[in-house]
Amino acid sequence: MLKYFAKRLLLGLVTIWFIASATFFGMHAVPGDPLAGDKAMTPQIRANLEAKYGLDQPLGTQYLIYLGNIAQGDFGISYTQENRRVNDIIREHFPISATLGILAIVFAGLGGVLWGALTALYRNQWPDVVIMFAVILGISVPSFVVAAISQWSLVGLNLAAGTTVLPIGGWGSIWHMLVPALVLGLSTMAYLTRLMRSSMLEVVGTDYIRTAKAKGVPPTQIFSRHQLRNAILPVITVLGPAIAGITTGGFVVEIVFAIPGLGRYFVQAIQQLDYTVIMGTTVFYGAFLVFMVILVDLFYGLIDPRVRVDQ
Amino acid sequence: MSSTNLSPADFQPLPPSEAVQQISRPSLSYWADAWRRLSENPRAMASLGLITFLLAFVSIGPALWQVDPSAQDLDQIGIGPGADRTVTIAAPFVPWSPQQQSVTPADNNLGLRLAMQANTQAVRLAWTATGSTRHRLYRNVFDPETTGSLGLPLVDRDQPWFEDRLDLQPGTYYYTLVPLSADGVENDGAVTLPVDVIRVISIAQAVDRGLIDANDTVQLGQRLKLAWHPLGTDYLGRDMLARLMYGGQVSLFIGIFAPLAFVLLGVIYGSVSGFLGGATDQTMMRFADFVVALPFLLFMILFKVIFGIGPGESGIWPMLVAMIILLWPAPARLVRGQILQIREEGYVSASRLLGGTTAYVVGRHMLPNTMGVILVTITFQVPSAIFTEAFLSFIGMGVAPPTPSWGAMCNEGIKSMLTRPHELMFPAMLISITVLAFNLLGDGLRDALDARMRGAE
Amino acid sequence: MSPNRQLAQFFLLAFAGVALLMLALHYAGSALSGTSSDVSAVDEDANSISIIIREEPPQLNSSRATDAISGMVLGHVMEGLVRMGLDDRLEGAVAERWEVTPTQATFWLRENAKWSDGQPVTAADFIFAWQTALKPETGSQYAFLLFAIQNAEAINQGTLPASALGVSAPDPYTLVIDLARPVPFFDKTLVFPTFLPIREDFYNATNGRFGADADQLLYNGPFQISRWVHGSSMTFKRNPYFWNQDEIHLDAIHVPYITSDATASLNFFKDNKIAITGLQAENLSEAMRMGWQIRQHRDGTVFFLEFNHRQGRVTDNVNLRRALQLALDMDEMVYKVTKLPGYEPGVSLFPGWLMGEEKLLRQEYPPQKITPDASLAKQHLQKALQELGLKEPPDLVLLSGDNPISSVQSEWVQQTLKTKLGISVKIDKQIFKQRLAKMTSGDFDLVLAGWGPDYNDPLTFGDLFASWNKNNRGQYNSPELDAFIDIAQSRLEPAVRMKAFGDIQQHLIDQAVVLPMYERGVTYVVDPSIKQLKRRVIGPDPDVSRAYIDTSGE
C-alpha cells in the first residue's frame with residue numbers, strides 16, 4: 001500500500017511538471033504584453049520593467065529559471081499586485097477558498113445523496129417530480145443570478161428584521177460562509193442528486209439486493225449496507241475533481257459576496273496575463289488536484305473492495 | 001470412464017447456435033426492445049415533443065417571425081411584453097437654446113415652468129434668472145413629498161433654462177429646482193414641478209421604422225402604433241422573440257453537440273483505461289489529470305489564436321473543438337470508475353467465458369450498465385456548455401456580435417433583473433426547458449437501455 | 001417502512017456533521033485569516049465610517065503606483081508637497097509655500113510635518129523618493145512625470161547616476177528643483193502619488209517589500225493603515241503625528257469589503273454596512289423610491305472612437321472619417337443607449353471641466369458642434385469611396401473591450417453604421433491585454449478608447465495625438481497639429497497656450513481625427529450624515545480624509 005502510494009506521488013510529480021510546462025509555453029504563446037497598461041510606456045521604462053521580471057531572457061532560459069524556482073517552492077512576484085509574492089497570495093487566499101469549497105462540497109455531497117436517495121425511493125411519485133424540477137432550476141440558472149438573488153433576499157431579511165440576521169458578504173465567521181457555500185455547491189448538488197438517483201435505481205435491480213432480500217435482511221440494512229454503499233461510488237468519483245473545481249470555480253461567488261478567496265485571483269490573472277500568478281495558481285491547483293485524485297482512489301478501495309487500486 | 005478423455009476441442013467456445021426453445025413472441029433485439037420501452041414511456045415521449053418544439057422554434061421560427069434580430073428599435077428599449085405602443089407624431093427634434101427668456105414664468109418662487117410640451121425627445125424647462133445664481137435641477141419618478149429624496153441630480157446650471165433628454169420614458173416626472181449659493185451649497189426655496197411626458201416620433205423616423213408610408217399624409221399630433229414586440233425588447237431595443245429564435249441556433253448547437261462529443265470521447269477513453277487496467281490505466285488517467293489541471297480560460301484564448309479566428313467571424317466550431325479537447329477527462333474518470341466496478345461482475349466473466357471479445361464485452365455488457373451515469377452527465381453538461389459559450393463569446397471568442405445566444409442573453413439580462421425581468425426570464429426559461437427535455441429523455445433512455453431494467457417494470 | 005426512517009436518521013446525522021464541520025471551519029478560518037469586523041456604515045460613537053473599494057490596491061509603493069485605487073488609499077495616508085483642496089484649488093501640504101520660475105522651483109517645507117514615527121518630514125525624503133522612482137531597476141511606469149526635472153530622463157535611461165538628479169536641499173526644510181525645461185503647470189503635477197516622500201532608512205529596512213503590508217509603510221498623511229487583510233479589508237486610523245489635526249475629524253475609516261460587483265456594493269449600502277456606493281442606471285428608480293440622496297460627479301475621463309491612421313488603412317481617408325462623424329449621433333448613444341446619468345455626450349477631446357485662462361476652456365474656446373446628418377454623411381462616404389477607388393463601402397474592424405458598456409456601445413455603432421451608411425462593422429472583442437497588444441500593433445480600423453487626466457492642465461489631453469506620443473495608437477501624424485502642440489508645451493503665456501488648445505480642438509474636429517463619445521460620470525449615494533466627502537478628477541477619489549459625521553440634519 002505504501003509502495004503504491006509512493007509510486008502515485010512520483011507519477012503525480014511528473015503530471016505537475018507536465019502541467020507547469022504546458023501552461024508556461026501556452027501562456028507565452030498568448031498574444032499580449034503582460035507589462036502593458038492603459039498608458040504607453042517609454043521604451044526605456046519598458047526595458048527596465050522587462051529586466052525586473054526577467055522577461056529580457058530567451059524563453060528557454062526563462063523556463064529553466066522558472067522550473068528551478070518552482071522546485072525551491074518560489075513562485076515569484078505578481079505582475080499586477082506588484083510587491084506581493086505569489087506564495088503569499090496563495091498562502092493567504094487559498095485557505096479561504098478551500099474552507100468555502102469544502103463546505104460547499106459537503107453541502108453538495110450530503111444534499112445530493114439525500115435528495116438522490118429520496119427521488120429513487122419515490123421514483124415517479126411527487127417527491128421525485130418536485131426535486132427534479134428544483135434540480136433543473138438549480139443548473140439552468142447561472143450562478144451569478146443565484147448569488148445575486150440570494151444576497152438580495154438576505155438584504156431584505158436584514159431590513160425586515162431591523163438587524164443583521166446573516167451577513168450579506170465579507171468573510172470571517174461561520175455565518176459569513178453559510179449562504180455562499182450553499183450557492184457555490186448548488187449546481188454540484190443538483191448533479192449529484194441526479195447521479196445518485198440514477199445509480200440507486202441501477203443497484204435496486206442487482207442480484208445481491210435480491211439475495212439479501214431473500215435472506216431476510218431487514219430493509220434498513222439493505223438500504224445502508226448494500227444500496228447506499230454501492231450507489232455512492234459514482235458520487236465519490238465525481239467528488240475528487242469537483243473539490244478542485246469548486247475551489248477554483250468560486251470566482252462568481254467570491255466577487256458577489258466579497259470573499260477574499262483565490263478564485264478571483266486565478267481568473268483575473270489570466271485576463272491580466274499576470275504570468276507569475278497564472279503559473280503559481282495553476283501549478284498549485286494542479287498539485288492539489290493530483291493529490292485529491294490519489295485520495296479518492298484510495299478511498300474507493302476502502303468503500304468497494306472490488307475495486308482494488310493497487311492491482 | 002470415458003468422460004476423462006478431454007481433447008482441446010472440448011474447450012473451444014460453442015458456435016452460435018439456433019434458439020434452443022421456441023419463443024412465443026418474436027425475438028426482440030436489444031435496440032428494438034429499447035425503442036419499444038422508450039416509446040411506452042410517456043415522459044420520454046413528452047420530452048421528445050419538447051425537443052421537437054425547440055428545434056422547430058429555432059429553425060422554422062425565424063421563417064415565420066421575420067424580424068431582424070439585430071435591428072435596434074431605439075424608441076422601445078427594454079420594454080416588456082404587452083407594453084403600450086402608442087406614439088404621437090411630432091416635429092423632428094431640434095436642439096433648443098432660447099436666446100432670451102421668451103417664456104412667461106410660472107407663479108412659483110423660482111418661476112419654474114415647462115417651456116414647451118414635454119415629450120420623449122426632450123423636456124424643456126425654464127425659470128426666472130435671479131442674478132447669477134446657480135441652480136441645481138433634480139428629476140424624480142416619484143413625488144419627492146412621499147419619498148423625501150429629490151431624485152437624480154441632472155445638472156448644475158447658470159443659465160435659467162435646461163433641456164433634459166436623458167432616457168425619457170412616457171409617464172410622469174417630478175422636476176425640482178434648487179437654488180445654489182456661490183460655493184455650491186443648496187439653499188432653501190426648492191420648487192417641484194410635475195411633468196407629463198408623452199411618447200413621440202417624427203415623420204421621418206416613422207417612415208424609417210416602417211410605421212407609415214412615405215406618401216402617407218399624416219399630421220402632427222396623430223397617433224400611431226409602434227412596431228409590435230410580442231416578448232418585448234432587450235437593452236438595445238432588439239426584438240426578444242427574434243433573438244431567442246436565432247440565439248437558440250447557437251445555444252442548442254453548442255449545448256447538444258459539445259456534451260455529446262466530449263462525453264463520447266470520455267466514455268471511450270475511460271472504458272479503455274478501466275478495462276485494460278494496470279500501467280496503461282495509470283498512464284491514461286495521469287494524462288487525464290494533466291488535461292483537467294490546465295487553466296481552461298487560458299487555453300481557450302490559445303485555441304482562438306491557433307485557429308486564427310478573425311474579427312467578426314464565428315468561432316463556434318473552434319469553440320466546439322476546444323471544449324471537446326479540454327472537457328473530456330471528467331466523464332472519462334467517471335466511466336472508468338464504473339468500469340472498474342463492473343469489471344469483476346459475474347455477467348462480465350460469464351460473457352468472457354462464453355467467448356465474448358473485448359469490444360463485445362465492453363460494448364454489450366459494460367457500457368449499457370454505465371449508461372445511467374453517462375446520460376446524467378450528458379444532460380447536465382447541456383446548460384454548462386450553453387453558459388460556457390456565453391462567457392467565451394463575452395470575452396471575444398465564440399460567436400461575434402450581434403449574433404445572439406441564450407446564454408449571452410441571460411448574462412445581459414442579469415443587470416436589469418429587478419427592473420426588466422423579461423430580459424432574463426425568457427432565455428433562462430428556454431434553457432430550463434431544454435435541460436428539462438434532455439433530463440426526461442435521459443431518464444427514459446436510461447430505463448430503456450439499461451439491461452437490468454428489463455424486468456423491473 | 002424503514003427507508004424513510006433510515007433517511008431521517010441519515011439527514012439528522014448529516015445535519016449534525018455539517019454543524020460540527022462548520023464549527024471546526026469557523027475556528028480554523030478565524031485562525032487563518034482576520035475577520036471582517038461587522039462595522040456599520042456610520043458609527044457616531046467610534047467616530048468612524050465605512051467605505052468600499054473595487055479591488056485590492058495593487059501598489060502602495062508610491063514611486064511605482066499608477067492606478068486610481070492605490071492613489072485613493074495613498075491620498076488618505078500620505079501627503080505630498082501640495083494637495084488639491086476641498087475647493088479644487090492647489091494648496092500647500094508638506095510645503096508651506098512655493099515658487100516656480102521657468103528654470104527653478106523652490107519649496108519651503110513646514111517644520112511640523114511628521115512621519116508616523118514622530119520624525120520630521122524633510123526635503124531629503126522627497127529627493128530619495130524621486131531618485132527611487134527614476135532608477136531603472138525600480139521600473140516605475142510613471143517615471144516620465146518627473147522628466148521635467150534636470151537630468152531625470154538620463155537617470156531613468158541609466159546613463160547618469162540617481163545622485164545627478166537636479167534637486168537639492170540647502171537646508172532640511174527647503175527643496176530646490178532645477179527644471180530641465182519650463183513647465184508652466186509643474187506645481188500641479190506634484191499632486192500625483194509618484195511625488196510623495198519616502199524615507200530612505202525605512203525603505204531600505206523593508207528589503208524590497210516597501211508598501212506590501214500595513215507595517216511596511218511609513219505614513220505622513222492624516223491617517224495610517226492600522227490593519228490590512230489582503231483582498232478582504234483595510235482600516236485607516238487617525239495619524240496622531242499629522243501636523244494639521246484641526247482639519248481631520250474622523251478617528252477611523254474602515255474598508256470592510258473589497259469587491260468589483262456593483263450590485264453587491266449597492267446591497268452593502270442598503271444593509272447599512274458602507275456609507276457610499278455607486279449607482280447603475282438600473283438601480284436609479286429603487287434609489288429614488290428608498291429616498292436616498294443621489295449625487296453626481298464627472299470623473300474627468302473622456303471616451304472616444306479612435307481611428308487607425310496608418311497608411312493603407314481606409315480610415316486614413318478623411319472623408320470616410322467625416323462620414324462616420326456625421327452618421328454617429330452621440331446624443332442618441334448617451335441619452336438612449338447607455339442612459340447612464342451623469343454621462344455627457346462628447347463634443348471635444350478636451351473635457352468640460354478643464355480650466356482655460358480665466359474661465360473654463362470650454363467657455364473660452366467652445367468646440368464646434370457637429371449636427372448628425374445622414375445624407376451629408378452619405379455624400380462624404382461616396383467621396384471617400386472615389387478617393388479610395390472602391391465600389392462598395394469597406395468593412396471596418398472595431399476593436400472593443402470585454403466589459404458590458406463597450407459591448408453595448410460597439411453594437412450600437414455597428415448597427416448605426418449599417419443602417420445609415422451601409423458599412424458593415426466587425427466587432428473584435430478582446431480581453432484587456434490582447435486589446436492593448438492589438439492597439440499597439442495597429443490591428444484595427446476603429447477602437448473604443450478612453451483617456452483620463454494625469455495632471456490638471458489641458459495638455460494632458462492636448463498632446464495625445466502628437467506624432468511622437470506613444471499613446472497615439474492610431475499613429476495620427478500631422479505637422480500642423482504637432483506645431484500647435486509644440487506651442488502648448490513650450491510656451492509659458494497662458495493666453496498663447498489656451499489659443500493653441502483651441503486650435504488643437506478645432507483641428508481634431510475638422511479632420512475628424514477622433515470622435516469623442518462621452519465624458520464619463522459617476523452617480524452615487526452617500527449616507528446623509530457624512531459631510532465634506534470630496535469627489536474629484538485629479539487626486540484621491542473619493543476623498544473622505546476631511547469628512548465628518550453630522551447627524552443633526554436628520
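On a predicted model such as this, the values are computed, not experimentally measured, just so you know. The figures that follow rest on heavy atoms only: side chains count, while hydrogens, waters and symmetry mates do not. Proteins come first, then strands; the chains are lettered A, B, ... in the order of their sequence lines, and each starts at number 1.
Taking CG of Leu236(B) as the reference point, atom CD of Gln414(C) lies at 10.0 Å (rounded to 0.5 Å). From Gln434(C), atom CD reaches atom NZ of Lys304(B) across 7.5 Å, with rounding to the nearest 0.5 Å. Separating the CG atom in Leu297(B) from the CD1 atom in Ile431(C) is a distance of 6.0 Å, to the nearest 0.5 Å. For the atom pair Phe93(B) CZ and Asp331(C) CG, the distance stands at 7.0 Å (nearest 0.5 Å). Atom CZ in Arg289(C) sits 11.5 Å away from atom CG in Asn140(B) (nearest 0.5 Å).
In this structure, no portion of Asp87(C) lies under 4.5 Å from any heavy atom of chain B. Heavy atoms of Ser393(B) lying under 4.5 Å from chain C belong exclusively to its backbone. For Trp292(C), the part lying near chain B is the backbone, with the side chain staying farther off; criterion is any non-hydrogen pair under 4.5 Å. Proximity to chain C is absent for every atom of Arg136(B), based on heavy atoms less than 4.5 angstrom apart. Residue Ile427(C) touches chain B through both its backbone and its side chain, counting heavy-atom pairs closer than 4.5 Å. Neither the backbone nor the side chain of Thr263(C) comes within less than 4.5 Å of any heavy atom in chain B. Contact of Leu399(C) with chain B is not made at all, since no heavy-atom distance falls under 4.5 Å. For Val425(C), no part sits under 4.5 Å from any heavy atom of chain B, backbone or side chain. For Arg435(C), no part sits under 4.5 Å from any heavy atom of chain B, backbone or side chain. In this structure, the portion of Asp68(B) lying under 4.5 Å from any heavy atom of chain C is its side chain and not its backbone. If you measure heavy-atom distances from Gln280(C) to chain B, you find no contacts under 4.5 Å at all. Contacts between Val408(C) and chain B at a heavy-atom distance below 4.5 Å involve backbone atoms as well as side-chain atoms. With a 4.5 Å cut-off on non-hydrogen atoms, Ile301(B) touches chain C through its side chain but not through its backbone.
Of all the listed residues (Leu74(B), Leu166(B), Thr419(B)), the one sharing the greatest number of non-hydrogen pairs under 4.5 Å with chain C is Leu166(B). For chain B, the option among Lys426(C), Arg295(C), Gln430(C) with the highest count of heavy-atom pairs below 4.5 Å is Lys426(C). By number of non-hydrogen pairs under 4.5 angstrom with chain C, the leading residue of Ile77(B), Val141(B), Leu152(B) is Leu152(B).
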Could you check Ser70(B) against Lys418(C) for side chain to side chain contact (heavy atoms under 4.5 Å, CB included), going step by step and ending with a plain yes or no?
CA-CA 11 Å; Ser70(B) 53; Lys418(C) 188 176 151 197; 4.0 Å; yes
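With salt bridges taken as basic N to acidic carboxylate O contacts below 4.0 Å, none links Lys336(C) and Asp167(B).
At most 12 heavy atoms of other shown residues, nucleotides or ligands fall within 6.0 angstrom of atom CE in Met425(B).
Gln72(B) places a side-chain N or O within donor-acceptor distance of the main-chain N or O of Glu411(C), the cut-off being under 3.5 Å. At distances below 3.5 Å, at least one donor-acceptor pair connects side-chain atoms of Gln296(C) with backbone N or O atoms of Pro153(B). No donor-acceptor pair closer than 3.5 Å links the side chain of Gln293(C) to the backbone N or O of Ser149(B).
Pairing each heavy atom of Arg165(B) with each of Tyr335(C), the nearest pair is O-CB, 3.3 Å.
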